[in-house]
Each structure stands twice: as C-alpha cells, then as structure tokens.
*Asks:* 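First the structure, which I've put down as structure tokens, then a few questions once you've had a look.
Because only heavy atoms are used, hydrogens play no part in the values below, and waters and symmetry mates are left out as well, while side chains stay in. Numbered from 1 within each chain, the chains take letters A, B, ... in sequence-line order.
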Amino acid sequence: MKFLPYEDVPLVLYKDGKTELVFAESASLSVSQPLETNKQLDENLLQICAYGTGSTAFYESQTFVENESFSVLLGPSGGPPQPLSTSIYKIADATKITFPNNKHLYFTGSIWPNGHNYVVDLYAKSGGWELTTGEAQSGYFESLAEYSASNGIKGTLDVNFYTDTGNLSSFFNITGLSDLTEYPPIDEDPIFGSLGDFIFLQAYLTSFNFSLSPNSISQASASFDIYGDLVKSDLLKNFWTNGMEDYYKNKSIAHGQYSTISGLSALDLEHPISFNYNISVDRSPRYVVPTGELKDSTDGILPARVSKKSTTITMSIEGENFDPEITFDGHYHGRGANLTANIFDLSYTGVDYDSAGFMHSFACSGIVTSESLSVSSDGYLNGTISVMQSVR
Amino acid sequence: MEINDTNINEITELPSYGSSAKFSAILDSANFGDNWSSRSIKGINGLNMTLDLNFNELTDLQSQNLISFFQSQFYYEVQNYSNDGSFSNKRLTPFDYQPFYPYKKNKFTCLNFNHNKSYDNVNFVSASLNCIGASTLSSVEPNNFDFQNLSATYNFQVFEILHLKFVILTNTSENNTIYLNQYSHLYVPNSYINYRVLSFPHVIPPGDAQNIVIEGEDNLSSSDSFDGITYNTQLRNSIYIDNPNDYCFYPYAHKCNFQGGINLQDSLTERVFDFRPSNIFSLSHAPKHKQSTVNDFYKKYSKYGLNPSLNNITLEFNMRKNIEAKKILLFLESHLGYKKFAFNFQKDYNNFNYAPSNATSLNKVAPTFFCPEWTHTVVYKDNHTISATFIECL
C-alpha cells in the first residue's frame with residue numbers, strides 16, 4: 001500500500017497557455033453522476049412457454065435429468081414467446097430459479113440479454129421431477145441490473161491555498177475577462193487542470209474567499225464546478241518529479257502586515273481586526289442532444305455552455321466600533337459602503353524570497369446588510385459590519 | 001412584436017435534453033357489438049409528429065438567432081404571381097430540420113415558440129415543430145408476417161477450417177440486397193434460436209455470399225446449415241425513423257397454442273410487442289355493462305355480453321438505450337396508430353379467454369392493442385423515455 005505525500009500531489013490549473021501551480025494547503029476533488037436502475041415489469045420472472053427451441057409453444061411437462069442441460073422457450077403458457085427483459089445486464093452462470101413448491105432450476109452459462117433471448121438453457125441439480133403448467137409460469141431469479149445515467153458527470157474541486165500574484169488575476173477572478181475582446185464581456189470559459197495524476201477537463205470557478213488579519217498570512221479558499229470524467233495520466237507524475245524545483249521556490253504570498261482596507265472611516269471603524277471577502281456565482285450547464293452522425297460520439301456528455309448568473313460579493317469586517325448603517329433615517333433600502341482591500345505580501349527581498357509588494361485589489365461597492373456587536377467579560381467591545389454587492 | 005432579424009435561415013442550435021417527439025394518429029372508428037371495432041386512419045397524412053424542443057441556457061445572440069429564424073417564416077412579402085395566376089409566395093414554407101436520434105431529416109413548420117429570459121445573457125427558448133407532409137406510404141414495415149416483398153432469403157452455412165469456424169451467408173433472394181449491422185440477428189427457421197452478427201457492416205447483393213462472424217446461444221457444428229429470412233434489406237423504409245435496418249425482429253409468425261384445443265391455429269397473425277414496460281403501472285377497471293333507464297333512482301344493471309373488460313393503458317418505457325428506443329418507436333410507427341398488435345402486458349393478466357369455451361372463434365392467446373399516440377423524450381445520452389397509450393381491441 002502506498003500513499004502519496006503532499007509534495008507529490010500538485011494542484012495545477014491551466015488556461016489560455018498559462019500554467020499555475022497552486023500553493024495549496026489542502027485540496028479535494030470529487031465527481032459523481034446520477035444513475036437510475038432500469039426496472040421493468042416481470043423482469044425477474046421466468047415463464048416457461050414450452051421445452052425446446054421454439055418449434056411449438058405448447059407446454060408439455062417433462063421429467064428432468066440430474067445436471068443435464070435443456071432448452072426452454074420463454075413466455076406465458078400458450079405463447080406468444082417473450083424474450084428476457086432488457087433491464088437485466090447479466091444473468092450469471094448457475095443462477096438459481098425458484099419455482100413454487102421448493103423446486104429449483106439453474107441457468108446454464110451466463111446471459112447478457114439483448115432483446116432476442118427467447119430461448120435459454122437450464123439444468124436441474126436433481127432428477128426425476130417435473131414442473132406443472134402453473135409452476136412453470138412462476139420462476140423467480142436474481143440478476144445484475146442495467147443502469148442508466150440521467151444527467152452528466154458533475155463534481156467539485158475545493159481548495160484551501162495561499163494566494164500569489166500569478167493565480168489571482170487568471171484563475172480566481174470570477175468577474176474578469178481572459179479575453180479582453182470578448183463580447184458580451186462575460187467570461188464563461190472553463191479552465192482545466194490536474195490534481196496529482198488526475199486530470200479534469202472542464203472546471204468553472206463558483207466561489208472564492210479569503211480573510212485578512214493583522215500579522216497573519218492570508219489564506220484563501222475556492223470552489224470549482226467540475227464537468228466530465230476524471231482522467232488518470234502517468235505522464236503527469238513524470239513531468240512533476242522531473243521539474244519541480246522551480247515550482248517549489250518560495251512564493252510571494254498575501255499577508256495582513258501591509259495589506260490595507262480603505263473606506264473604513266465612513267463606517268466609523270478605524271482598527272479592523274479581521275476582514276473577510278467572498279465572491280460567488282451561480283452557474284448552470286447547457287447540455288445538448290447530439291443529432292445525426294453525432295449520436296454515438298461523446299457529444300452531449302460535456303456541457304456546451306456553463307452560463308454565469310447571479311454574481312455576488314460579500315465583505316465582512318470586524319473592528320472596535322461601527323456607525324449604525326441600518327437605519328430608517330431616509331434610507332429604506334440600505335446604506336451604501338465602499339470597501340477596497342489592497343493585498344500586499346510581506347514586502348521584503350531576501351536570498352530566498354522575492355517580494356512582489358502590491359498584489360491585487362478587491363473592491364466591494366454595495367450596501368450594509370448586517371451589523372452586530374459583541375462583548376464578553378475580560379474582553380473588548382467588537383463590532384462587525386457586512387457589506388453585499390450584486391455584481392450581475 | 002418581432003425580434004431583430006439576424007438573417008439566419010436554419011435552426012443553428014442543438015436542443016437540450018428533455019426535448020420530445022409526440023406522435024398521434026387521426027382515426028376513424030366503427031364500433032360493433034360485443035366490443036368489436038374497426039379503425040382506419042384518415043388519409044395518408046394521418047400520423048402526425050410534433051417536436052417539442054427546449055433550448056436551455058442560451059446566450060442572447062443564440063436566442064435571437066432562433067427567434068429570428070422562427071419569426072422569419074411569417075415575414076410578409078409583397079404578393080408575387082406565378083405564370084398560372086396564383087400567388088407564389090404566400091405559403092408558409094416548411095423548412096428542413098434534422099431532429100435528434102433516431103429521427104431522420106424532415107420538413108417542419110414552427111407555429112408556436114416561447115422565449116424566456118431568466119438572467120442577463122441567459123435565455124430559454126422552446127419551440128413546437130410540426131412535421132409537414134409525412135406520408136404513411138413511406139412506412140413499409142410489416143405489421144404482420146405476410147410482407148414477403150420486403151424480406152430477403154439467405155442460406156446460412158457453417159464451415160470449419162483448421163478448427164476455426166466460419167459462417168458463410170449467401171443471399172438467395174432474387175432482387176433484395178441484405179444489409180446487416182451490429183444489431184442484426186439471424187433466426188433459425190421454425191425455432192427461436194438466433195445468432196447476432198458481430199462483424200459488420202455487411203451489404204450482400206442478391207446471389208452474393210460473405211463470411212461473417214456471429215455469436216449465439218448454441219454451439220454451432222461445421223455441418224449446420226439452414227435457409228432463413230431477414231427483413232434487413234434495402235427496401236426497408238420509415239416515415240420518421242432514420243435507418244430502420246437497425247431494427248431487427250423475429251421474422252416469422254410467432255408461435256402460440258390456443259388453450260382448449262378448440263382453435264388449432266398455431267401462430268399469430270399479428271406482430272408481438274415484446275418490449276416490457278417499466279415496472280410501475282396504474283390500471284383502472286370499468287367493465288362495460290348495461291344499465292336500465294327506468295328512472296333516476298332505480299337502476300338495474302345487466303351484463304354487457306362478450307368482451308366487457310377491454311382496457312386503455314398508459315405505459316411508460318423508461319431508461320431505454322438508443323437501439324431499444326428506436327425499436328419501440330419503429331414498431332409503433334409501423335402500426336400507424338390503428339393496426340393492432342399482440343402484447344403480453346403482465347403475468348397476472350395472462351388469462352385472455354373472453355368467451356366461454358364453447359364460443360369457438362373468440363378464444364385468444366394474448367390481448368391485442370392499437371396505439372394511437374405516443375411520446376418520446378430524450379432524457380440524457382443513451383437514455384430515452386417513451387410513453388404510449390395502448391387501447392385494447394379485438
């Protein structure tokens with residue numbers, strides 16, 4: 001048994017020729033597909049219409065010989081014959097058929113029903129007995145079921161990571177454009193990537209959030225919707241083990257030390273102790289029915305489009321105070337707030353560290369949706385304000 | 001109100017899963033005593049197909065193209081006269097459209113379509129397309145087993161060379177070419193033994209022979225040989241279904257045995273619908289009876305006569321793979337909405353002696369039905385649902 005350690009399981013995202021190794025603390029990837037069982041009437045009922053391969057549909061009982069295989073024509077007594085149900089994927093060799101009065105027959109060989117199985121071969125494990133016409137209509141057996149997918153393969157990629165300049169603008173930017181000439185200016189392109197040896201082909205960012213606090217590294221988390229199956233490739237393992245040095249260099253990561261939040265004074269809050277930013281988007285896939293020659297292709301398995309719908313930014317900030325913003329004083333529909341988080345790294349340059357300084361700005365121009373106060377014994381009064389912006 | 005014209009002259013988008021095709025027959029019916037009846041279809045255009053197409057999650061441009069195309073069918077043009085003095089441009093011209101599997105390209109008109117916008121740049125368009133001019137004369141599928149002109153005869157012979165077995169199939173018919181594919185089965189006459197064709201495709205002109213690879217329930221010996229019939233020929237055609245040769249069925253009259261030995265007929269004249277419905281059904285019983293009309297409060301009921309319990313059943317065939325859905329649809333189409341077929345509904349309804357044993361001609365082996373309407377929905381890739389109304393008849 002072998003478990004791969006963290007350094008052997010890189011999370012990599014690809015888009016438009018750019019490759020980004022995500023400096024992740026944890027990542028999880030899962031896909032699933034809704035499947036339903038095909039159940040049909042009397043699918044596990046075996047009715048013997050007649051013995052033989054179908055020269056007659058007249059049931060005439062016969063005495064069985066121990067372990068001697070014989071053919072039966074399936075269907076109700078008197079006919080017409082009826083093939084095995086197509087809801088059965090497989091009937092295994094020697095599957096037992098239970099008839100009334102503790103009588104049993106067994107299938108000779110395995111069967112994969114295809115709609116033409118009017119005749120099957122059976123045998124008895126003991127000889128000298130027979131089935132009456134009524135008994136022969138009531139054999140029950142167990143089988144492996146056929147399943148059908150009722151929708152596409154969908155999953156999620158959840159990752160906790162440290163932001164750096166390379167991934168913020170390209171891979172974790174819900175509202176930005178990968179192609180500036182795109183019209184209408186809505187970027188719905190997928191990214192693809194890999195986690196360890198597993199490749200996913202269509203990933204769409206659905207949420208991204210991070211938090212800041214003084215003297216702390218900023219940690220972020222993101223969720224992607226994944227469409228399509230996971231593909232395992234040994235090539236990736238060779239690639240990463242041969243060229244990892246550059247990717248494992250120290251990175252410039254966001255830190256609360258020099259990061260700033262502007263717009264606080266309007267909220268009467270001067271000393272923030274924590275800050276949280278979240279952006280999320282609703283997405284819906286469009287699957288299309290392949291037509292004509294495409295019916296047997298992979299068309300129709302992956303979505304032709306994953307639309308972007310409601311996109312919302314929420315920020316919450318905690319500090320020593322706040323100015324009540326939810327009032328009836330002429331503002332029946334919320335009061336506005338403009339907050340901008342300017343993200344910096346530690347901003348020093350050393351042998352093993354190359355600072356980028358300013359990394360990215362995240363703005364939220366919305367309305368105050370909640371405010372709260374909390375205090376406890378031996379503590380200070382803390383105020384929290386949440387701001388929400390509907391982007392589209 | 002009309003959307004901005006984008007000058008699109010065809011349906012450029014593929015429909016979404018959940019789109020469906022609906023079939024209905026326009027029938028004339030004559031009812032006789034004891035629940036006997038006779039039906040006929042009203043003309044050669046009496047079996048209608050309507051496509052209900054959904055186009056989900058469209059961009060503004062995609063939805064504009066679709067609506068623009070549908071509306072453009074109705075754009076007024078200045079009247080133009082042809083040489084014979086009639087208007088030549090007033091007709092609502094049908095357009096070509098290739099529907100989803102398993103249908104073939106046909107001509108349609110779109111008289112109803114809806115456009116819903118659920119979000120910025122997210123649209124939903126639904127459209128109902130009526131197939132125009134499809135003729136029941138295009139259906140050459142047999143509805144019984146007397147359709148010899150469609151079939152081809154062949155000789156099937158097993159050879160063994162160096163312990164390897166080959167099957168040589170010789171087309172012994174005079175003028176029908178045999179078309180075999182991966183769905184074809186070759187049945188042994190006077191038997192239900194059949195062999196599935198594994199190597200394909202095979203096109204065997206009359207008089208020609210080909211080596212083919214097969215699989216089946218039986219172990220073949222090198223001396224096996226038989227003369228068989230197949231309906232997989234170049235003459236097969238359908239009104240709505242593309243490539244009906246994908247559908248292969250038992251090519252002989254089905255065996256049966258009329259209980260009691262009164263009627264010694266040993267084969268059915270109808271084809272048998274031997275697809276099984278999904279395992280949930282609802283069956284309402286209201287046996288036919290007579291009621292006196294003496295007054296409102298005193299009612300006297302009498303037995304109707306023969307065949308009082310004919311049923312109408314709505315059956316669901318869920319989660320069918322491509323080929324089985326195609327078989328069901330082609331079977332129903334080949335009966336044109338009014339021709340009857342035999343169907344073993346369920347084990348508990350297998351007793352079909354409508355008449356006392358001395359009523360010689362009415363004993364039946366399996367109930368017979370006709371299917372005047374059915375709906376086919378594409379649920380997902382290789383996953384189809386067919387809902388059909390079966391009306392029991394004699």
*Asks:* Do side-chain atoms of B/Tyr380 reach the backbone of A/Ser148 as a donor and acceptor pair under 3.5 angstrom?
*Replies:* no
*Asks:* Give, as side chain, backbone, both or neither, the part of B/Phe275 having an atom under 4.5 angstrom from any heavy atom of chain A.
*Replies:*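 Neither part, no heavy atoms under 4.5 Å.
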*Asks:* Once you round to the nearest 0.5 Å, how far does OH of B/Tyr17 lie from CG of A/Asn151?
*Replies:* 9.0 Å
*Asks:* Is it the backbone or the side chain of B/Ile323 that comes under 4.5 Å from a heavy atom of chain A, or both, or neither?
*Replies:* neither
*Asks:* By a 4.5 Å heavy-atom criterion (distance strictly below it), what part of A/Arg392 contacts chain B: side chain, backbone, both, or neither?
*Replies:* both
*Asks:* What part of A/Asn114 gets closer than 4.5 Å to chain B, counting heavy atoms only: side chain, backbone, both or neither?
*Replies:*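 Answer is both: backbone and side chain atoms of A/Asn114 are under 4.5 Å from chain B.
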*Asks:* Given the options B/Thr59, B/Val188, B/Ile280, B/Leu61, which has more heavy-atom pairs under 4.5 Å with chain A than any of the others?
*Replies:* B/Thr59
*Asks:* I'd like to check A/Tyr287 versus B/Lys381 (side-chain heavy atoms, cut-off strictly below 4.5 Å). Are they in contact?
*Replies:* no
*Asks:* Quick one: does A/Ser310's side chain get under 4.5 Å of B/Tyr119's, heavy atoms only?
*Replies:*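 Yes, side chains in contact.
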*Asks:* Does either side chain, that of A/Tyr118 or that of B/Asp274, offer a donor lying less than 3.5 Å from an acceptor on the other one?
*Replies:*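 Yes.
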*Asks:* Give, as side chain, backbone, both or neither, the part of B/Lys327 having an atom under 4.5 angstrom from any heavy atom of chain A.
*Replies:* side chain
*Asks:* Check for a donor-acceptor pair, side chain of B/Asn56 on one end and backbone N or O of A/Arg286 on the other, with a separation under 3.5 Å.
*Replies:*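 No.
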*Asks:* Given a strict heavy-atom distance threshold of 4.5 Å, which part of A/Ser87 is in contact with chain B: side chain, backbone, both, or neither?
*Replies:* neither
*Asks:* To the nearest 0.5 Å, tell me how far A/Ser307 OG sits from B/Asn123 CG.
*Replies:*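 Nearest 0.5 Å value for the OG-CG distance: 10.0 Å.
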*Asks:* Mind running side-chain contact (heavy atoms from CB on, under 4.5 Å) on A/Cys49 and B/Lys255 for me, showing each step along the way?
*Replies:* CA-CA 10 Å; A/Cys49 174; B/Lys255 301 285 191 309; over 6 Å; no
*Asks:* To the nearest 0.5 angstrom, please state how far the CD atom of B/Glu316 sits from the CG atom of A/Leu41.
*Replies:*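 B/Glu316 atom CD to A/Leu41 atom CG measures 12.0 Å (nearest 0.5 Å).
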*Asks:* More than 12 heavy atoms of other residues, nucleotides or ligands under 6.0 Å from CZ of B/Phe95: is that the case?
*Replies:* yes
*Asks:* Side chain from CB out, backbone as N, CA, C, O: work out which of these in B/Asp120 comes under 4.5 Å of a heavy atom of chain A, or both, or neither.
*Replies:*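 Both parts, backbone and side chain.
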*Asks:* What part of A/Pro303 lies closer than 4.5 angstrom to a heavy atom of chain B: side chain, backbone, both or neither?
*Replies:*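 Neither part.
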*Asks:* Where is the tightest heavy-atom contact between A/Gln82 and B/Asn344, given as atom of each residue plus distance?
*Replies:*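 Scanning both residues, the minimum pair turns out to be NE2-O, 4.0 Å.
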*Asks:* Any ion pair linking B/Lys347 and A/Asp42 (charged N to carboxylate O, less than 4.0 Å)?
*Replies:* no
*Asks:* Counting distance only, does the side-chain N/O of A/Asn38 pair as donor-acceptor with the main-chain N or O of B/Met319 below 3.5 Å?
*Replies:* yes
*Asks:* Does atom CD (A/Gln33) have a neighbourhood of more than 12 heavy atoms from anything else shown, all under 6.0 Å?
*Replies:* yes
*Asks:* Taking side chain as everything from C-beta outward and backbone as N, CA, C, O, which of these in B/Phe317 sits under 4.5 Å from a heavy atom of chain A? Side chain, backbone, both or neither.
*Replies:*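 Neither part.
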*Asks:* With no hydrogens and no angle check, just 3.5 Å: does a side-chain donor-acceptor pair link A/Thr86 and B/Arg276?
*Replies:* no
*Asks:* Quick one: of A/Ala304, A/Gly152, A/Gly109, who has the most non-hydrogen atom pairs under 4.5 Å with chain B?
*Replies:*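 Looking at each option in turn, the highest pair count goes to A/Gly152.
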*Asks:* Can a salt bridge be assigned to the pair B/Glu57 and A/Lys309 using a cut-off of 4.0 Å between side-chain N and carboxylate O?
*Replies:*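 A/Lys309 and B/Glu57: salt-bridged.
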*Asks:* Do other residues, nucleotides or ligands put more than 12 heavy atoms under 6.0 Å from the NZ atom of B/Lys117?
*Replies:* yes
*Asks:* Give, as side chain, backbone, both or neither, the part of B/Lys321 having an atom under 4.5 angstrom from any heavy atom of chain A.
*Replies:*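 For B/Lys321, side-chain heavy atoms alone lie under 4.5 Å from chain A.
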*Asks:* Please look at A/Leu35 and chain B and tell me whether the side chain, the backbone, both or neither of the residue comes under 4.5 angstrom of a heavy atom of that chain.
*Replies:*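 For A/Leu35, neither part sits under 4.5 Å from chain B.
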*Asks:* Under 4.5 Å heavy-atom distance to chain B, tell me which part of A/Glu43 shows up: side chain, backbone, both or neither.
*Replies:*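 Interface part for A/Glu43: backbone (N, CA, C, O).
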*Asks:* What's the separation between atom CZ in B/Phe124 and atom OG in A/Ser284, rounded to the nearest 0.5 Å?
*Replies:* 12.5 Å
*Asks:* Using a cut-off of under 4.5 Å for heavy-atom pairs, which of B/Asn121, B/Val378, B/Val379 has the most such pairs with chain A?
*Replies:* B/Asn121
*Asks:* Below 4.5 Å from any heavy atom of chain B, which atoms of A/Tyr59 appear? Answer side chain, backbone, both or neither.
*Replies:* neither
